[in-house]
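Residue numbers begin at 1 in each chain, while the letters A, B, ... track the order of the sequences.
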There are 2 protein chains.
Amino acid sequence: MATIYEVSKLAGVSLATVSRVMNNNARVSDKTKQKVLDAMAELGYRPNSIARSLASSRSDSIGILVSELHGPFFGQMMAGIESELRAAGKHVIITTGHSEEDKEKDGIEFLISRNCDAIIAHVEAVSDEYLIELNEGKTPVYLMSRFVEELSEKCISLDNELGGYLATKAIIDNGHQKIAYIAGPQFKADASNRLLGHKRALKESNIEFNEDLFFIGDFKETGGSDGLRYLTKQNEQFTALVCANDEMASGAMKYAREHGFRLPEGLSIIGFDNVIFANYLYPTLTTIDNPVNSMGHMAAKLVLKDVYQKKKLEIERVFEPTLINRHSVANHNN
Amino acid sequence: MATIYEVSKLAGVSLATVSRVMNNNARVSDKTKQKVLDAMAELGYRPNSIARSLASSRSDSIGILVSELHGPFFGQMMAGIESELRAAGKHVIITTGHSEEDKEKDGIEFLISRNCDAIIAHVEAVSDEYLIELNEGKTPVYLMSRFVEELSEKCISLDNELGGYLATKAIIDNGHQKIAYIAGPQFKADASNRLLGHKRALKESNIEFNEDLFFIGDFKETGGSDGLRYLTKQNEQFTALVCANDEMASGAMKYAREHGFRLPEGLSIIGFDNVIFANYLYPTLTTIDNPVNSMGHMAAKLVLKDVYQKKKLEIERVFEPTLINRHSVANHNN
DNA sequence: TTGAAACTTCGTAAATGGTGGCCATTAATT
DNA sequence: AATTAATGGCCACCATTTACGAAGTTTCAA
């Protein structure tokens with residue numbers, strides 16, 4: 001690969017001038033500029049971004065840490081971040097944390113060691129303290145779907161409590177009283193906040209929270225099927241099932257259909273997240289919209305504003321979930 | 001952040017010795033080694049992988065280029081690659097090409113400029129010639145889901161023609177004769193090969209390919225719904241619809257249900273890819289399994305073998321698709 | 001017992017491919 | 001002639017790797 005040195009030689013200018021042309025941060029006459037560009041083209045020169053980054057301690061790349069690379073949730077999130085940043089000429093370096101503390105830390109340290117200009121992380125296993133300390137380092141860290149008081153300026157989050165409330169409220173408004181709940185892993189803040197919202201909605205309608213109608217799943221399809229199997233064995237009737245995410249809802253729907261429930265007449269189900277395929281399930285899934293893609297865009301904008309000094313960007317840090325009515329909830333009123 | 005220099009000072013040894021301890025590629029006495037390790041721990045030292053990469057022109061990271069970050073297909077692919085590489089202590093840098101030539105090239109050049117030790121790319125828009133030339137550079141490039149004769153050693157691909165054949169064959173075996181086809185964008189090799197397979201199956205059963213029962217979609221849900229709308233307006237009867245991927249199949253199913261088709265009695269639909277949610281559609285989607293996750297693992301193994309000299313890995317370069325029978329195809333025999 | 005060969009262990013310094021500050025030089029403008 | 005714009009030339013610097021070679025230590029045959 002050609003180096004800047006060869007370019008300068010071919011163009012008959014100095015190293016500094018080539019660097020100036022590349023970064024166009026200093027005045028260079030059009031004529032010399034053209035000579036340099038021609039030389040670059042002729043040599044097929046591509047700046048070595050590693051060397052560049054080492055010398056300037058910038059990298060024009062942003063690290064992203066997600067729990068998993070697959071699944072509709074993270075896909076939408078990454079896509080949102082990437083498209084916004086790419087439009088601004090920045091690149092993205094993605095790695096995973098698998099919701100395990102060690103791996104999350106490892107991933108973050110990798111991103112830091114790659115001189116990322118900023119990190120956007122969706123972390124679930126590391127502590128708030130760790131994140132606070134991390135933020136004192138030279139690489140700013142932004143958090144997706146997590147709210148840490150001390151870092152409130154750097155969090156893009158969803159009001160999960162409100163979402164949990166809206167889901168259960170929608171069920172209650174349709175006349176249900178016996179309501180089961182399949183939660184997500186409680187160490188995840190999203191999951192525990194959704195549960196809080198669920199409890200608030202119950203309380204507001206004077207429905208008692210019933211431990212026998214409660215199951216903690218894994219946020220995957222199996223969590224939904226396992227959960228529903230467990231719940232049906234508790235000798236407690238219920239007409240509706242609130243699932244803490246759509247994947248568990250789809251698992252529950254499948255299990256329900258295979259075990260003779262009529263949907264939604266026999267069992268109403270509501271999900272959370274409004275992932276793409278919620279609209280393709282049968283019956284189409286009533287759920288709570290989680291605007292992850294927009295949140296990804298917003299996180300990227302926040303980085304552009306803070307780190308790259310793009311001034312006039314409007315930042316919105318807390319997103320509100322909304323109810324998406326489809327056909328998986330039956331009306332039991334009248 | 002502490003540097004190697006500070007570590008060497010604290011440990012009372014030279015820079016080189018610290019480097020040796022880090023890479024343990026040269027003999028260092030246990031005593032000095034311990035001193036160095038202690039100093040590292042005390043300073044919380046983390047090697048700067050950028051500097052390291054510049055000096056050694058290795059990076060222990062592999063570039064991945066996918067078309068999109070979202071969607072079940074790429075998610076599974078990335079996850080497969082990443083988990084295999086991570087287990088080997090390598091990191092992954094992901095970027096996107098959006099199926100556009102410029103962006104794909106840009107992405108590849110970014111990865112090269114980041115000193116990736118290898119690139120695993122799922123590219124659709126760039127030409128074979130470009131890829132061949134690319135491979136003469138110092139960064140080896142591996143191709144996912146694409147077969148280029150000259151680079152056959154570096155391609156992990158699916159026999160899409162066979163898959164296309166199997167799908168249509170399955171439909172024909174169920175007694176269908178009037179078969180519509182919604183293809184993917186024909187500049188994508190996957191899509192055009194699947195179509196070839198479809199035509200082969202038709203020919204084998206002496207069914208003529210009918211232009212009025214053919215639509216080119218975008219590989220997304222809209223492609224399926226738009227396609228089915230178009231097809232129903234052609235005044236040609238058909239009892240089965242072959243879709244070149246599951247997402248279009250789901251779009252078609254939705255459109256069909258909304259327009260009064262009974263599934264699968266009124267219209268049989270088969271997909272391709274066997275993405276996660278195919279199993280959650282209603283009716284569950286009969287489709288062709290595309291083992292992307294395994295292919296991702298295999299691509300990673302290939303890199304480990306070629307680039308990092310892990311010898312005893314078994315490599316399988318061409319994967320065979322298989323038919324997954326579920327409930328979206330009705331039997332019209334007898 | 002001894003001394004040279006062989007091997008360990010570790011330091012020095014160059015190299016990696018750029019950035020960016022400073023000052024000097026040259027050319028164009030006023 | 002003085003000012004200003006457009007370069008060139010130099011050099012320190014970024015954090016690390018790695019050839020080279022200099023000590024120090026072992027081994028072993030004479």
Asks: What's the closest nucleotide to the side chain of A:Thr3 if the choices are D:dA19, C:dG18, D:dG8?
Replies: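 Given the options D:dA19, C:dG18, D:dG8, the side chain of A:Thr3 is closest to C:dG18.
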Asks: Could you tell me the separation between the CD atom of B:Glu6 and the P atom of D:dT16, rounded to a whole number of Å?
Replies: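 So the two atoms are 10 Å apart, to the nearest Å.
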Asks: Base, sugar-phosphate, or nothing: which does A:Ile4 touch, judged by heavy atoms less than 4.0 Å apart?
Replies: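 Sugar-phosphate contact only - A:Ile4 comes under 4.0 Å of backbone atoms but never of a base.
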Asks: Between C:dT12 atom P and B:Lys9 atom NZ, what is the distance in whole Å?
Replies: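 It works out to 14 Å between those atoms.
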Asks: Expressed as a whole number of angstroms, how long is the span from A:Leu15:CG to D:dC10:C1'?
Replies: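 So the two atoms are 10 Å apart, to the nearest Å.
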Asks: Could you go through B:Lys90 and B:Glu84, starting from their C-alpha distance and side-chain angles, then the distance that decides it, and tell me whether this counts as salt bridge (Lys or Arg N to Asp or Glu O under 4.0 Å)?
Replies: CA-CA 9 Å; B:Lys90 309 299 175 190; B:Glu84 190 77 31; over 6 Å; no
Asks: Select base, sugar-phosphate, or nothing to describe what A:Ser56 touches, counting heavy atoms under 4.0 Å on all strands.
Replies: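 Counting heavy atoms under 4.0 Å across all strands, the contact made by A:Ser56 is with sugar-phosphate only.
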Asks: So if I take every side-chain heavy atom of B:Arg52 and compare against C:dG11, C:dG17, D:dT17, which nucleotide ends up nearest?
Replies: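 The answer is D:dT17, which lies nearest to the side chain.
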Asks: In terms of side-chain heavy atoms of B:Ser19, which of C:dC10, C:dG17, D:dT17 is nearest?
Replies: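 For the B:Ser19 side chain, the nearest candidate turns out to be D:dT17.
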Asks: Does a side-chain N-to-carboxylate-O contact under 4.0 Å join B:Asp117 and B:Arg58?
Replies: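 No, this pair does not count.
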Asks: Need the bend value for the helix from C:dT1-D:dA30 to C:dT30-D:dA1: angle between end axes, 5 pairs each end, nearest 10°.
Replies: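 Axis angle across the helix from C:dT1-D:dA30 to C:dT30-D:dA1, nearest 10°: 40°.
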Asks: Under 4.5 Å between any side-chain heavy atoms of A:Asn135 and A:Lys154, yes or no?
Replies: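 They are in side-chain contact.
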Asks: Is there a donor-acceptor contact under 3.5 Å linking the side chains of B:Asn115 and B:Ser53?
Replies: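 Result is yes, a qualifying pair exists.
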Asks: For A:Tyr142 and A:Asp306, run side chain to side chain contact (heavy atoms under 4.5 Å, CB included): C-alpha distance rounded to whole Å, both residues' side-chain angles, the deciding distance at 0.1 Å, then the answer.
Replies: CA-CA 10 Å; A:Tyr142 293 83; A:Asp306 284 4; 2.7 Å; yes
Asks: Any carboxylate oxygen within less than 4.0 angstrom of a Lys/Arg side-chain nitrogen, looking at A:Arg86 and B:Asp106?
Replies: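 A salt bridge is present here (some side-chain N lies under 4.0 Å from a carboxylate O).
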Asks: Quick one: which of D:dC14, D:dT18, C:dG20 gets closest to the side chain of A:Leu54?
Replies: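 The answer is D:dC14.
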Asks: Near DNA chain C, under 4.0 Å by heavy atom, which residues of residues 25-33 of chain B?
Replies: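 Of all residues in residues 25-33 of chain B, the ones placing a heavy atom under 4.0 Å from DNA chain C are B:Arg27, B:Val28, B:Ser29, B:Thr32.
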Asks: Any ion pair linking A:Glu109 and A:Lys105 (charged N to carboxylate O, less than 4.0 Å)?
Replies: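 Here A:Lys105 does not pair with A:Glu109 in a salt bridge, since their nearest N and O are not under 4.0 Å apart.
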Asks: OP1 or OP2 of D:dT16 versus the side-chain N and O atoms of B:Tyr45: is any pair under 4.0 Å?
Replies: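 Affirmative; the distance criterion is met.
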Asks: Closest nucleotide of DNA chain C for B:Gly12 versus for B:Ala55: which of these residues is on the 5' side?
Replies: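 The answer here is B:Gly12.
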Asks: Please determine, for the side chain of A:Ala51, which listed nucleotide (D:dT16, C:dG18, C:dT12) has the closest atom?
Replies: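 The listed nucleotide nearest to A:Ala51's side chain is C:dG18.
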Asks: When you check the gap from the basic side-chain N to the acidic O, do A:Arg146 and A:Glu124 get nearer than 4.0 Å?
Replies: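 Between A:Glu124 and A:Arg146 there is no salt bridge, as every charged N stays at least 4.0 Å from the carboxylate O atoms.
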Asks: Please work out if B:Val18 contacts a base, only the sugar-phosphate, or nothing of the nucleic acid, heavy-atom cut-off 4.0 Å.
Replies: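 Touches nothing.
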Asks: Is A:Asn23 near enough to C:dT19 that one of its side-chain N or O atoms lies under 4.0 angstrom from OP1 or OP2?
Replies: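 Checking C:dT19 against A:Asn23, a side-chain N or O does come within under 4.0 Å of OP1 or OP2.
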Asks: Whole-Å distance between C:dG17 P and A:Arg58 CZ?
Replies: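 In whole Å, C:dG17 P lies 19 Å from A:Arg58 CZ.
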Asks: Would A:Glu314 and A:Lys301 pass as an ion pair if we require N to O under 4.0 Å?
Replies: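 Not counted as a salt bridge, because no side-chain N and carboxylate O are separated by less than 4.0 Å.
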